[in-house]
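Lettering of chains follows the sequences in order, A, B, ..., and the numbering in each one begins at 1.
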Number of protein chains: 2
Amino acid sequence: MNVRTLCLAILNCGDSTGYEIRKLVSEGHFSHFVDASYGSIYPALNRMEQEGLVVSRQEEQEGKPNRKVYSITSDGQAEFSAALTKPAQKDLFKSEFLLLAMCAELMDPEALSRAIDEQLEYLKAELALIDAHVEEVDMAGANWVGDYGRACLSSALNYLLTNRADLEEIAKQARAKPVLIAAE
Amino acid sequence: MNVRTLCLAILNCGDSTGYEIRKLVSEGHFSHFVDASYGSIYPALNRMEQEGLVVSRQEEQEGKPNRKVYSITSDGQAEFSAALTKPAQKDLFKSEFLLLAMCAELMDPEALSRAIDEQLEYLKAELALIDAHVEEVDMAGANWVGDYGRACLSSALNYLLTNRADLEEIAKQARAKPVLIAAE
DNA sequence: TAGGCCATGTAACCGGTTACATGATTAG
DNA sequence: CTAATCATGTAACCGGTTACATGGCCTA
């Protein structure tokens, strides 16, 4: 899923500006499963306007800069539909924390404990964000997606809380033993 | 986490070749939370050898091409430790499926059902992979990480199985009603 | 005999981020 | 007076992927 299609998806739900799209995808209720920055959103919007997939109008505001409000066209909707029809890409998940956890035996116990604390905070923050966003959004799918996210995050959180000691034990015991590599 | 550090992490667990590293990170037991391809692994390994973070030796094999086996040096271990000590990057999660789900009301019900089926298959396949990998690996952290993954994936799977009908209903009802956008 | 696995590597490309430029307004 | 928010945009950079080149061996 490239930024282009992402913008179409959001504009298909209603008119918006580049600024608002960025907020949605990197802080708002879309931010849990997509991301994009100004540097990719604005050029994408401009190019799509040239191609006739979206149109824009200037909106003046008092005390604030002008907004450039984009609307999706029927061509844009067609392109978006086409994107929806073909099989979705697989989820992408990258976790530095799990890499650390995998290498627990090589880690300094304190550094590991710190990493666990941070992961715990991160998971809690994500859960809180979902709660905050779901309230303020009225898309039909949003609640469903919110609950999906809660299910995953809370089971991760729960696992981490109840099993962190086991992981920390691995780091401690490895530290107690003489390092194997040195023995070779 | 860049490819460089990823290679160091793996070499810190034991000697390996570029070919093996790629297998581990994109098909093996690391593939659930990291990824990298030949085009980034080989250059990273070469550069790190120049910098003295790793060393290599040729190993001849009968009936197969030579292997270039890399070992981490003490300089490499130092760099890796440094990377472990500083706060880990947050998890990165991108999901085209959740984007579709969010836009359920705009989707063709059949396309949505297909997407759900595919997501279900994907989650099952990931779970099966974990089971397969955990058996063949002896790293201390691997079981812990495997269980973490199972916790997340199985709750996602479970949620999807028990709640897919609700999502499908959103798509169907939106289709039944006249499209709102057209009414504007 | 075709295709897949082993194994290493490179070059072109690309989708994106980071950092910057600009500038008014409002809140602390 | 400072920092943040609103708002749009660009240019340089970068980390990575894709696709290709090479070539022997093994399996269907």
Side-chain angles (χ1 to χ4, degrees), chain A residues 1-11 15-28 30-31 33-51 54-70 83 89-90 92-94 96, chain B residues 1-11 15-28 30-31 33-51 54-70 83 89-90 92-94 96:
Chain A
M1 168 81 32
N2 51 14
V3 173
R4 209 181 146 82
T5 323
L6 181 54
C7 290
L8 284 179
I10 287 165
L11 292 176
D15 294 356
S16 192
T17 68
Y19 188 82
E20 282 169 357
I21 291 175
R22 210 243 60 189
K23 264 222 149 174
L24 276 179
V25 300
S26 75
E27 295 170 25
F30 283 86
S31 66
F33 48 86
V34 291
D35 195 22
S37 59
Y38 292 132
S40 54
I41 292 170
Y42 283 121
L45 252 16
N46 278 326
R47 228 193 102 196
M48 290 172 108
E49 185 161 31
Q50 279 167 33
E51 295 173 18
V54 299
V55 286
S56 70
R57 59 177 188 277
Q58 288 288 329
E59 253 182 31
E60 276 155 51
Q61 306 182 115
E62 35 180 314
K64 287 181 191 172
N66 290 358
R67 308 160 22 100
K68 199 168 164 187
V69 182
Y70 288 90
Q89 276 175 241
K90 281 178 186 172
L92 171 68
F93 178 63
K94 296 209 183 186
E96 208 168 309
Chain B
M1 167 82 30
N2 52 15
V3 173
R4 208 182 147 83
T5 323
L6 181 55
C7 290
L8 284 180
I10 287 164
L11 291 176
D15 295 356
S16 193
T17 69
Y19 188 83
E20 283 169 356
I21 291 175
R22 210 243 60 190
K23 265 222 148 173
L24 276 179
V25 300
S26 75
E27 296 170 25
F30 282 86
S31 66
F33 48 87
V34 292
D35 196 22
S37 58
Y38 293 133
S40 54
I41 292 169
Y42 283 122
L45 251 17
N46 279 325
R47 228 194 102 197
M48 290 173 108
E49 184 160 32
Q50 279 168 33
E51 294 172 19
V54 300
V55 287
S56 70
R57 60 176 188 278
Q58 288 286 332
E59 252 181 32
E60 275 154 52
Q61 306 182 115
E62 37 181 310
K64 287 181 192 173
N66 291 357
R67 305 160 23 99
K68 198 168 164 186
V69 182
Y70 288 91
Q89 277 176 241
K90 280 176 186 172
L92 171 68
F93 178 63
K94 296 209 182 185
E96 208 168 309

- Message: Tell me the interatomic distance from Glu27(B), atom CD, to dG4(C), atom C1', rounded to whole angstroms.
- Response: 13 Å
- Message: Just to be sure I understand the geometry, which residues of residues 15-25 of chain B put a non-hydrogen atom under 4.0 Å away from DNA chain C?
- Response: Thr17(B), Gly18(B), Tyr19(B), Lys23(B)
- Query: Just by protein heavy atoms under 4.0 Å, how would nucleotides 10-28 of chain C read 5' to 3' in B, S and -?
  - Reply: B-----SBB----B-S---
- Check side-chain contact (heavy atoms from CB on, under 4.5 Å) between Val55(B) and all other residues, then give those that pass, not counting sequence neighbours. Ser71(B), Thr73(B)
- For Ser56(B), check side chain to side chain donor-acceptor pair (under 3.5 Å) against everything at least two apart and list the hits. Glu49(B)
- Are Gln58(B) and Lys68(B) side-chain neighbours, meaning at least one heavy-atom pair lies under 4.5 Å? yes
- Task: Measure from NZ on Lys68(A) to C1' on dA7(D) and round the result to the nearest Å.
- Result: 12 Å
- Note on the structure: Residue set satisfying side chain to side chain donor-acceptor pair (under 3.5 Å) with Asn66(B), at least two apart, ordered chain then number -> none
- Message: Can you list everything that forms a side chain to side chain donor-acceptor pair (under 3.5 Å) with Ser16(A)? Sequence neighbours excluded, please.
- Response: Glu20(A)
- Is the distance from OP1 or OP2 of dC6(D) to the nearest side-chain N or O of Gln61(A) less than 4.0 Å? no
- Message: If the condition is salt bridge (Lys or Arg N to Asp or Glu O under 4.0 Å), which residues does Glu27(B) pass it with, not counting sequence neighbours?
- Response: Arg22(B)
- Message: Could you tell me how far apart Leu45(B) (CG) and dG9(C) (C1') are, to the nearest whole angstrom?
- Response: 12 Å
- Leu24(B): partners by side-chain contact (heavy atoms from CB on, under 4.5 Å), with sequence neighbours left out: Ile10(B), His29(B), Phe30(B)
- Task: Take the protein atom CD of Gln58(B) and the nucleotide atom C1' of dG9(C), then report the distance between them rounded to whole Å.
- Result: 13 Å
- Round to the nearest Å and state the distance from Arg67(B) atom CZ to dC25(D) atom P. 18 Å
- Message: Rounded to whole Å, how long is the line connecting atom OH of Tyr70(A) with atom C1' of dA7(D)?
- Response: 12 Å
- Query: Considering residues at least two apart in sequence or located in another chain, which fulfil the side chain to side chain donor-acceptor pair (under 3.5 Å) criterion with Glu51(A)?
  - Reply: Arg4(A), Arg47(A)
- Take the C1' atoms of the five end pairs on each side of the helix from dT1(C)-dA28(D) to dG28(C)-dC1(D), get both axes, and report the angle to 10 degrees. 40°
- Message: Just the rounded figure in Å: distance from P of dG9(C) to CG of Asn66(B).
- Response: 11 Å
- Task: Using the test ring pair (Phe, Tyr, Trp, His ring centres under 6.0 Å), find all partners of Phe93(A) that sit at least two apart in sequence or belong to another chain.
- Result: none
- Contacts of Tyr42(A) that satisfy ring pair (Phe, Tyr, Trp, His ring centres under 6.0 Å) - sequence neighbours left out: Tyr38(A)
- Item | 4.5 Å side-chain heavy-atom contact, Leu45(A) and Thr17(A) | no
